[in-house]
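Just so it is clear, the values below take in all heavy atoms, side chains as well, and ignore hydrogens, waters and symmetry mates. By convention here, the first residue in the shown sequence is residue 1.
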Amino acid sequence: MNLKTQYPQLFSKLSEEVDEVRYLVVVDKNFNDVDSDEFDAIDPEDYNYLVYITERLQDVMGEKLMVAFIKQLEAHKDIALFYLSEVDLYGIQTDLEDEAIEKMVLETVESVLA
């Protein structure tokens with residue numbers, strides 16, 4: 001996946017070279033982890049994935065576009081449930097898999113930046 005070609009609006013605004021999605025967004029399966037208090041608010045029975053927006057990506061969008069991004073992501077057709085834990089951390093319920101979720105997030109960012 002050539003990120004620069006797929007997301008030209010985003011990559012034109014990045015101040016550093018990025019060659020992996022994980023430097024922009026991190027998607028993890030949400031599961032019951034008895035050792036972690038960090039994600040207790042995002043119940044794995046309701047939200048099967050955790051989505052973290054990196055500081056680098058937050059800086060590109062800024063506060064105003066982050067709000068628009070969150071609203072678009074929450075309303076996305078592939079997201080059944082959405083939980084805003086923090087401005088950069090969301091719980092989502094979706095049938096999509098990891099890479100498809102990353103793509104959905106980056107496409108949403110791209111549309112907000114356009």
Which donor-acceptor pairs under 3.5 Å do side chains of residues 11-18 form with protein atoms, sequence neighbours excluded?
| residue | atom | partner | partner atom | Å |
| --- | --- | --- | --- | --- |
| Ser12 | OG | Pro8 | O | 3.4 |
| Ser12 | OG | Gln9 | O | 2.8 |
| Glu16 | OE1 | Arg56 | NH2 | 3.0 |

*asked:* Any non-hydrogen side-chain atom of Leu106 less than 4.5 Å from a side-chain atom of Gln6?
replied: no
*Partners of Glu107 by side chain to side chain donor-acceptor pair (under 3.5 Å), sequence neighbours excluded?*
none
*State, with a plain yes or no, whether a side-chain heavy atom of Leu10 is found less than 4.5 Å away from one of Leu24.*
yes
*Looking only at heavy atoms, what is the nearest atom pair of Tyr23 and Asp19, with distance?*
CE1-OD1, 3.8 Å
*For Tyr52, which residues count as a ring pair (Phe, Tyr, Trp, His ring centres under 6.0 Å) partner, sequence neighbours excluded?*
none
*asked:* Please list all pairs meeting ring-ring contact (aromatic ring centres under 6.0 Å, His included) that have one or both residues in residues 55-78, counting only residues at least two apart or in different chains.
replied: none
*Counting heavy atoms not belonging to Glu20, are there more than 12 under 6.0 Å from its CD?*
yes
*Can any side-chain N or O of Gln58 pair as donor or acceptor with the backbone N or O of Ile53 at less than 3.5 Å?*
yes
_ring-ring contact (aromatic ring centres under 6.0 Å, His included): pairs with one or both residues in residues 93-114, sequence neighbours excluded_ = none
*In chain order, what residues pass the salt bridge (charged side-chain N to carboxylate O under 4.0 Å, His left out) check against Glu110, with sequence neighbours excluded?*
none
Throw together a table of side-chain donor-acceptor distances under 3.5 angstrom for residues 90-98, partners on residues two or more places apart or in other chains.
| residue | atom | partner | partner atom | Å |
| --- | --- | --- | --- | --- |
| Tyr90 | OH | Val87 | O | 2.7 |
| Gln93 | OE1 | Asn48 | N | 3.3 |
| Thr94 | OG1 | Asp78 | O | 2.6 |
| Thr94 | OG1 | Leu96 | N | 3.2 |
| Glu97 | OE1 | Tyr49 | OH | 3.3 |
| Asp98 | OD1 | Tyr49 | OH | 3.1 |

_Can you list everything that forms a side-chain contact (heavy atoms from CB on, under 4.5 Å) with Glu63? Sequence neighbours excluded, please._
none
*Test side-chain contact (heavy atoms from CB on, under 4.5 Å) applied to Glu86 - qualifying residues, sequence neighbours left out*: Asp88, Leu89
*asked:* For Val25 versus Thr54, what's the shortest heavy-atom pair and its separation?
replied: N-CG2, 4.0 Å
_Which heavy atom of Val27 sits nearest to which heavy atom of Val51, and what is that distance?_
CG2-CG2, 4.5 Å
*Tell me, do Val67 and Ile70 make a side-chain contact under 4.5 Å, heavy atoms counted?*
no
*State, yes or no, whether a side-chain contact exists between Met104 and Ile79 at a heavy-atom distance under 4.5 Å.*
yes
*Roughly how far apart are Leu81 CG and Glu74 CD, rounded to 0.5 Å?*
10.0 Å
*Partners of Ser111 by side chain to side chain donor-acceptor pair (under 3.5 Å), sequence neighbours excluded?*
Gln72
*asked:* Strictly distance-based, threshold 3.5 Å: is any side-chain N or O of Asn30 a donor or acceptor partner for the main-chain N or O of Tyr47?
replied: yes
